[in-house]
Amino acid sequence: MSFVLKISIHATPGAKRTEAAGLYGDALRVRLGAPPVDGKANEALIAWAAETFGVVRKQVDLLHGAAGRQKVLAIQFPDAASLAQAQALLARLRGEN
């Protein structure tokens with residue numbers, strides 16, 4: 001059984017540092033401390049997601065939006081408990097607590 005969390009992202013490349021910054025519509029806004037050149041912003045986003053959600057980079061997939069600001073990430077977790085923790089963290093990042 002697979003435990004996957006899909007996250008809608010609004011990416012803002014070229015920021016001073018990489019961080020979550022609330023909501024942009026229904027998507028989580030993530031400021032990226034990398035330029036939108038040669039895939040650097042996408043790499044920064046994947047690295048941020050892996051670190052934030054406590055997984056290795058190969059468990060984070062960019063499903064949609066490689067060339068735009070609107071992106072969809074899929075993060076794989078080993079079990080339901082890890083997925084539940086990630087969902088709670090996402091709710092906090094979105095300001096829903």
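Bear in mind the structure is a predicted one, so any value in this text is a computation, not a measurement. Only heavy atoms go into these numbers, but all of them, side chains included; no hydrogens, no water, no symmetry mates.
None of Ile7, Asp61, Val4 except one satisfies the side-chain contact (heavy atoms from CB on, under 4.5 Å) rule with Ile75; the exception is Ile7.
The heavy-atom pair separating Ala86 from Phe77 by the smallest distance is CB-CZ, 3.2 Å. Pro36 and Ala41 get closest at one heavy-atom pair: CA-CB, 4.0 Å. In plain terms, the two heavy atoms of Lys71 and Ala11 that are nearest each other are CE-CB, 3.8 Å. Smallest separation of non-hydrogen atoms from Ala66 and Asn42: O-ND2, 2.8 Å. Of all the heavy atoms in Val56 and Ala50, the pair that sits closest is C-CB, 4.1 Å. Here the shortest heavy-atom pairing between Trp48 and Ala20 reads CZ2-CB, 3.9 Å.
A 6.0 Å sphere centred on CG of Asp26 holds no more than 12 heavy atoms belonging to other residues, nucleotides or ligands. Few gaps surround CZ on Phe3; more than 12 heavy atoms of other groups in view lie less than 6.0 Å from it.
Linking Ile, Leu, Val, Met, Phe, Trp and Tyr residues whenever their side-chain heavy atoms come within less than 4.5 Å leaves Val30 and Tyr24 in two separate clusters. Taken together through direct or relayed side-chain contacts under 4.5 Å among Ile, Leu, Val, Met, Phe, Trp and Tyr, Leu93 and Leu62 form part of one hydrophobic cluster. One hydrophobic cluster, built from ILVMFWY side chains closer than 4.5 Å, holds both Leu89 and Leu73.
The side-chain hydrogen bond (donor to acceptor under 3.5 Å, both in side chains) pairs that include a residue from residues 5-15 are His10-Gln70, where partners are two or more places apart or lie in different chains.
Partners of Thr18 by side chain to side chain donor-acceptor pair (under 3.5 Å), not counting sequence neighbours: none found.
Note that the CG atom of Leu90 and the CG atom of Leu28 stand 6.5 Å from one another [nearest 0.5 Å]. Atom NZ of residue Lys58 and atom CD of residue Gln76 lie 10.0 Å apart, to the nearest 0.5 angstrom. In this structure, Leu32 CG and Arg69 CZ are separated by 9.5 Å, a value rounded to the nearest 0.5 Å. Residue Gln87 holds its CD atom at 12.0 Å from CZ of Arg92, rounded to the nearest 0.5 Å.
Listed by chain and number, the hydrophobic cluster partners of Leu63 are Val72, where partners are ILVMFWY side chains within reach of under 4.5 Å, directly or through others.
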TODO: For side-chain contact (heavy atoms from CB on, under 4.5 Å), just list the numbers for Val60 and Phe53, CA-CA rounded to whole Å, side-chain angles, deciding distance to a tenth of an Å, and then say yes or no.
DONE: CA-CA 10 Å; Val60 181; Phe53 291 96; over 6 Å; no
